[in-house]
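In what follows, a structure is listed as structure tokens, so that the remarks can point back to it.
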Amino acid sequence: MEKLPTRFVLSIRPQEYLKQGLSHCGVYSVKAILSAYGRDLKKRPEDYHTSWFERLTGIALTRQYVANILQKNGLSTTVETARELSDEGKLNTLKQILSSNTPVLLSIGNGYRSDGSYNPIRARIIGHFITLWGYDDKKQVFYVYDSCVPKDRYDKTSPIGNTKRTYPQIIRDWKTALSIRLLGGQDCAYIKIHR
């Protein structure tokens, strides 16, 4: 494996970081990625849903559903998993993708409350999508767009995204929530965009 840069921030970025309501995180992540590639043609993230059920509930039941929306809007994607890799291998996989100037869409368990505190029980129940836009080995952080983060809690010191997550936090969060596991979801799943 080639040596990765110790810090990388994507040269492309979302046009804006929107705050979702109770649901719709998948299409908020989709809109961010599409806007970074100049392919965002919808006014609201919810307009990207392709089925009435997801549009009504805001719940994307499968990762492939989200990948298909990106594909329908001109981006080639695959749904992959890093579950067989060591923690270091998982981090290196994410950094390798990012260092090719490509965002990564992660399926995580969302244990974060709106005040920023973390609840591990919540994380095992609630599935969520976030996108990664860069990393810094010295600070041991990924630069993240998380549509659940309230606007008053956006990290204004981050060079991209609206928050930071440490490497251990990403490894901890990168688990499949029970609701997704029941539908056949796997830990450490991500959507890779092919350029």
Side-chain angles (χ1 to χ4, degrees), residues 1-18 25-42 45 48 60 62-108 128-147 149 154-155 157-176 185-195:
M1 176 195 269
E2 66 183 64
K3 186 165 171 53
L4 296 169
T6 58
R7 182 178 188 274
F8 193 87
V9 175
L10 271 68
S11 64
I12 60 171
R13 62 185 58 237
Q15 296 296 312
E16 59 186 327
Y17 303 112
L18 299 171
C25 59
V27 289
Y28 274 71
S29 293
V30 162
K31 185 171 177 65
I33 290 171
L34 291 174
S35 74
Y37 283 101
R39 295 178 178 269
D40 179 20
L41 303 176
K42 309 271 186 188
Y48 281 105
T62 68
R63 294 166 186 96
Q64 191 60 54
Y65 173 78
V66 175
N68 289 345
I69 296 172
L70 289 166
Q71 290 173 5
K72 188 174 181 177
N73 287 278
L75 297 178
S76 176
T77 65
T78 54
V79 177
E80 301 185 20
T81 182
R83 75 176 185 273
E84 301 298 326
L85 299 176
S86 67
D87 288 353
E88 182 180 350
K90 291 171 185 166
L91 295 172
N92 284 336
T93 296
L94 296 175
K95 291 191 282 186
Q96 187 172 18
I97 296 167
L98 291 166
S99 66
S100 69
N101 208 40
T102 306
V104 183
L105 200 155
L106 294 185
S107 174
I108 67 168
H128 187 49
F129 287 102
I130 61 172
T131 52
L132 306 184
W133 295 88
Y135 66 90
D136 188 323
D137 283 341
K138 185 176 179 184
K139 296 178 181 177
Q140 297 279 290
V141 297
F142 284 104
Y143 301 117
V144 176
Y145 166 52
D146 182 342
S147 59
V149 173
Y154 283 9
D155 185 339
T157 66
S158 185
I160 195 167
N162 65 350
T163 192
K164 296 177 199 140
R165 299 275 163 73
T166 66
Y167 292 173
Q169 286 173 326
I170 289 293
I171 294 298
R172 176 199 65 199
D173 296 347
W174 206 8
K175 303 280 191 276
T176 300
Q186 301 172 349
D187 284 344
C188 303
Y190 61 97
I191 297 174
K192 185 175 182 180
I193 298 162
H194 304 280
R195 305 185 84 199

task = Before accepting this row, confirm whether a basic side-chain N of the pair Asp187/Lys175 lies closer than 4.0 Å to the acidic partner's carboxylate O.
result = no

inquiry  = I need the minimum non-hydrogen distance between Pro159 and Arg7, along with the two atoms involved.
reply    = CG-NH2, 3.6 Å

ask   = So which heavy atom on Leu4 is nearest to which on Ser99, and how close?
value = CD2-OG, 3.6 Å

request  = Report yes if the side chains of Tyr37 and Leu75 come closer than 4.5 Å at any heavy-atom pair, otherwise no.
outcome  = yes

query = Is any side-chain heavy atom of Ile33 closer than 4.5 Å to a side-chain heavy atom of Ile191?
reply = no

Side chain to side chain contact (heavy atoms under 4.5 Å, CB included) evaluation trace for Phe129 with Val27 = CA-CA 9 Å; Phe129 287 102; Val27 289; over 6 Å; no

query = Side-chain donor-acceptor pair under 3.5 Å between Gln71 and Thr77, yes or no?
reply = yes

ask   = Nearest 0.5 Å, what's the NZ-CG distance between Lys192 and Leu70?
value = 15.0 Å

query = Are side-chain N/O atoms of His128 and Asp173 paired as donor and acceptor at under 3.5 Å?
reply = no

Considering all heavy atoms, the nearest Ile97-Tyr190 contact = CD1-CE1, 3.6 Å

ask   = Taking the inter-plane angle between the rings of Tyr167 and Phe142 on a 0 to 90° scale, is it parallel (under 30°), tilted (30 to 60°) or perpendicular (over 60°)?
value = tilted

query = Would Lys95 and Asp137 satisfy salt bridge (charged side-chain N to carboxylate O under 4.0 Å, His left out), going step by step from the backbone distance to the final call?
reply = CA-CA 10 Å; Lys95 291 191 282 186; Asp137 283 341; 2.8 Å; yes

query = Taking atom CD of Gln169 and atom CD1 of Ile108, what is their separation to the nearest 0.5 Å?
reply = 10.5 Å

ask   = About how many Å separate CD1 of Ile193 and CG of Leu105, when rounded to the nearest 0.5 Å?
value = 7.0 Å

message = I want to check something: taking the side chain as every heavy atom from C-beta on, are Asp146 and Arg165 in contact at a cut-off of under 4.5 Å?
response = yes

request  = To the nearest 0.5 angstrom, please state how far the CG atom of Leu98 sits from the OG1 atom of Thr131.
outcome  = 10.0 Å

task = Mind checking the CG-CD1 spacing from Leu132 to Ile170? Nearest 0.5 Å is all I need.
result = 5.0 Å

query = Under 3.5 Å, is there a donor-acceptor pair between the side chain of Tyr154 and the main chain of Tyr17?
reply = yes

request  = Please check if any side-chain donor atom of Thr78 sits under 3.5 Å from a side-chain acceptor atom of Glu80, or the reverse.
outcome  = yes

task = Locate the shortest heavy-atom distance separating Pro14 from Ser35; write the atom from each residue and the value.
result = CA-OG, 3.3 Å

message = Please check this pair: side chain of Asn101 against backbone of Ser11, looking for a donor-acceptor N/O pair closer than 3.5 Å.
response = yes

request  = Output yes when a side-chain donor or acceptor of Asp40 lies under 3.5 Å from a complementary backbone atom of Ala36, and no otherwise.
outcome  = no

ask   = Any sub-3.5 Å donor-acceptor pair from Lys31's side-chain atoms to Lys42's backbone N or O?
value = yes

query = What pair of heavy atoms forms the shortest contact from Asn162 to Tyr145, and how long is it?
reply = OD1-CA, 3.3 Å

